[in-house]
Amino acid sequence: MTTNLLDLDLAGLTAFCERLGEKRFRATQLFRWIHQRGASDFDQMSDLAKSLREKLKHDCHVTALPVVSEHVSSDGTVKWLFDVGDGNAVETVFIPESDRGTLCVSSQAGCAVGCRFCSTGHQGFSRNLSTGEIIAQLWYAEHALRKRLGTDQRVITNVVMMGMGEPLQNYSALVPALRTMLDDHGYGLSRRRLTVSTSGVVPMMDRLSQDSPVALAVSLHAPNDALRDGLVPLNKKYPLDELMQACKRYLEFAPRDFITFEYCMLDGVNDQPAHAQELIALVRAHAGRDGAWCKFNLIPFNPFPASGLLRSPAARVTEFARILSDAGIVTTVRKTRGDDIDAACGQLAGDVKDRTRVAERMARARVIPLAQLP
Ligand code: SAH
Ligand code: SF4
């Protein structure tokens, strides 16, 4: 097996080129061809000497993931299902907005954390994605979108690691992928426009603050340990007090001066005014001298039958948001996007073995050509 260059960040590619007896700057040229121009065929790389191209063809390749399906929602959201082998698939979602284009990227096939309200969690854990499989999602999406939109400008301006999987439980593959996303010769994202979302893997939050301090979102979902233990099983290992302290430590290195807390609104479970009050107390207890140090993003729960849970009524979500806002905590309610193609948070299940489900979803989706993206 030769090396897939999507697995390498620029430092890795430089070392690779040096092993081939090539100068360092060749690695930069190659990296730009791959990530900025979407090239996978070495013969396209016209400013590389023919002899080098031949050597590369022999020693390495640029291979993305096979696409199982591609759906475009009526609101312009695009969802791809990528085959990662052995009957597993991962999903990637592009969310266009007027001022940005956000790609939601998966880090694992399945997830071992097993949150009660998450369809990926219910599916169990299959395996970690490699760096190349994480980057392939961005590589494919960026260049497919550019081609179909007829532009050579950057389409994806923000990346959120909020697809399937717990990114901080796949740390060694995650960090080189983040580096490629941040690299000026790669995707050139700023650290503020790259967000890692975690259910709270405390030791890895500390490592991330040193290795690649990007924006951090923490999936909170409950204001006390008793409730959180039942929703996010990882809480038993890293309870709220430890998690809050880790968030505060992260802030010393973060590109933004706040942590985003995600909070999935579950009918009758965590959505009462008393829960909002408890959250305010929790945030204040850890504020220290910082004052406002976090924001809340309330996510309307996307139900799926096996969860046995329901979405909070809209009025309750608004009331919950108002209580937090009145206490001086910046709170937003997330819009659900791509509902008609099951692209919303927590609906990413990606089991290609389940042909009926995929077929069912395809029938429900309004599939329109990418060229007609709003
Ligand atoms: N494992 C990471 C990142 C992937 S999940 C994490 O948990 O943060 C991304 C977000 O989607 C998390 O905030 C998660 O809590 C939320 N989510 C999961 N299932 C959901 C569902 N059914 N409805 C709404 N949000 C959900
Ligand atoms: Fe895993 Fe995140 Fe889903 Fe929890 S919410 S099961 S951590 S993907």
S.K.: Could you walk me through whether His122 and Phe304 pass the ring-ring contact (aromatic ring centres under 6.0 Å, His included) check?
M.R.: CA-CA 10 Å; His122 277 244; Phe304 58 100; 5.0 Å; yes
S.K.: Are the side chain of Lys147 and the backbone N or O of Glu142 linked by a donor-acceptor pair below 3.5 Å?
M.R.: no
S.K.: Would you please indicate yes or no on a ring centroid separation below 6.0 angstrom for Trp293 and Tyr250?
M.R.: no
S.K.: Please state whether the rings of Trp80 and Tyr140 are parallel, tilted or perpendicular, taking 30° and 60° as the class boundaries.
M.R.: perpendicular
S.K.: Nearest heavy-atom pair of Leu168 and Met205: which atoms, and what distance?
M.R.: CD1-CG, 3.7 Å
S.K.: Charged N to carboxylate O below 4.0 Å: is that the case for Asp267 and Arg311?
M.R.: no
S.K.: Let me see the working for Leu279 and Leu324 under side chain to side chain contact (heavy atoms under 4.5 Å, CB included), right down to the final yes or no.
M.R.: CA-CA 8 Å; Leu279 281 177; Leu324 295 179; 4.2 Å; yes
S.K.: Salt bridge or not between Lys55 and Asp59? Use side-chain N to carboxylate O under 4.0 Å.
M.R.: no
S.K.: Val84 versus Leu129: any side-chain heavy-atom pair under 4.5 Å?
M.R.: yes
S.K.: For a quick test of reading the model, state the closest non-hydrogen atom pair linking Pro167 to Met161 and the distance between them.
M.R.: CG-O, 3.9 Å
S.K.: Minimum heavy-atom separation for Val269 to Leu227, with atom names?
M.R.: O-CD2, 3.5 Å
S.K.: Would you say Arg179 and Leu10 make side-chain contact, with heavy atoms under 4.5 Å?
M.R.: no
S.K.: With a 4.0 Å cut-off, would you call Arg26 and Glu18 a salt bridge?
M.R.: no
S.K.: Taking atom CZ of Arg24 as the centre, report whether more than 12 heavy atoms of other residues, nucleotides or ligands fall under 6.0 Å from it.
M.R.: no
S.K.: Quick test of your reading of the model: are Asp152 and Arg146 salt-bridged, counting only N-O distances below 4.0 Å?
M.R.: no
S.K.: In sequence, state the C-alpha distance, the side-chain angles, and the governing distance for Thr260 and Phe296, and then conclude on side chain to side chain contact (heavy atoms under 4.5 Å, CB included).
M.R.: CA-CA 6 Å; Thr260 304; Phe296 271 80; over 6 Å; no
S.K.: Looking at side-chain heavy atoms only, is the closest gap between Leu13 and Leu30 below 4.5 Å?
M.R.: yes
S.K.: Are any non-hydrogen side-chain atoms of Ser212 and Leu182 less than 4.5 angstrom apart?
M.R.: yes
S.K.: Return the minimal non-hydrogen interatomic distance between Asp9 and Phe31, and the atom names on each side.
M.R.: C-CE1, 3.8 Å
S.K.: Ignoring hydrogens, what is the shortest heavy-atom contact between Val202 and Tyr238? Give both atom names and the distance.
M.R.: CG2-CB, 3.6 Å
S.K.: Answer yes or no: is there a side-chain heavy-atom contact under 4.5 Å between Met181 and Ile134?
M.R.: yes
S.K.: Considering residues, nucleotides and ligands other than Arg127, do more than 12 of their heavy atoms fall under 6.0 Å from its CZ?
M.R.: yes
S.K.: Distance only, no hydrogens: is a donor on one side chain within 3.5 Å (strictly under) of an acceptor on the other, for Ser312 and Asp271?
M.R.: yes
S.K.: Between Phe117 and His221, is the gap from one ring center to the other below 6.0 Å?
M.R.: yes
S.K.: Enter the distance from Leu243:CG to Ser219:OG here, rounded to the nearest 0.5 Å.
M.R.: 9.5 Å
S.K.: Please say whether more than 12 non-hydrogen atoms of neighbouring residues, nucleotides or ligands are located less than 6.0 Å from NZ in Lys57.
M.R.: yes
S.K.: Which atom names give the shortest non-hydrogen contact between Asn270 and Cys264, and what distance separates them?
M.R.: ND2-O, 2.8 Å
S.K.: With Gln108 as reference, evaluate Val90, Asn170, Leu174 under the side chain to side chain contact (heavy atoms under 4.5 Å, CB included) test and give the passing residue.
M.R.: Asn170
S.K.: Can Thr102 and Phe94 be said to form a side chain to side chain contact (heavy atoms under 4.5 Å, CB included), step by step?
M.R.: CA-CA 6 Å; Thr102 304; Phe94 174 67; over 6 Å; no
S.K.: Assess whether a salt bridge exists between Lys237 and Glu242, defined as any Lys/Arg side-chain N lying under 4.0 Å from an Asp/Glu carboxylate O.
M.R.: no
S.K.: Does Leu298 reach the side chain of Phe320, with side-chain heavy atoms less than 4.5 Å apart?
M.R.: yes
S.K.: Below 30° counts as parallel, above 60° as perpendicular, anything between as tilted: where do the rings of His143 and Tyr187 land?
M.R.: tilted
S.K.: Is there a side-chain contact between His275 and Met265, using heavy atoms and a 4.5 Å cut-off?
M.R.: no
S.K.: Would you call Lys236-Asp229 a salt bridge at under 4.0 Å N-O?
M.R.: no
S.K.: Check each of Gln169, Glu262, Glu166 against Thr198 using the side-chain hydrogen bond (donor to acceptor under 3.5 Å, both in side chains) test, and report the only one that passes.
M.R.: Glu166
S.K.: Between Val62 and Trp139, is there a side-chain heavy-atom distance shorter than 4.5 Å?
M.R.: yes
S.K.: Taking the six-membered ring of Phe258 as reference, does the NZ or CZ atom of Lys295 fall below 6.0 Å from its centre and within a 45° cone about the axis?
M.R.: yes
S.K.: Is the shortest side-chain N to carboxylate O distance from Lys79 to Glu91 below 4.0 Å?
M.R.: yes
S.K.: Is Arg322 salt-bridged to Glu319, going by a charged N under 4.0 Å from an acidic O?
M.R.: yes
S.K.: Walk me through it: do Val159 and Arg193 pass the test side chain to side chain contact (heavy atoms under 4.5 Å, CB included)?
M.R.: CA-CA 6 Å; Val159 170; Arg193 287 175 176 272; over 6 Å; no
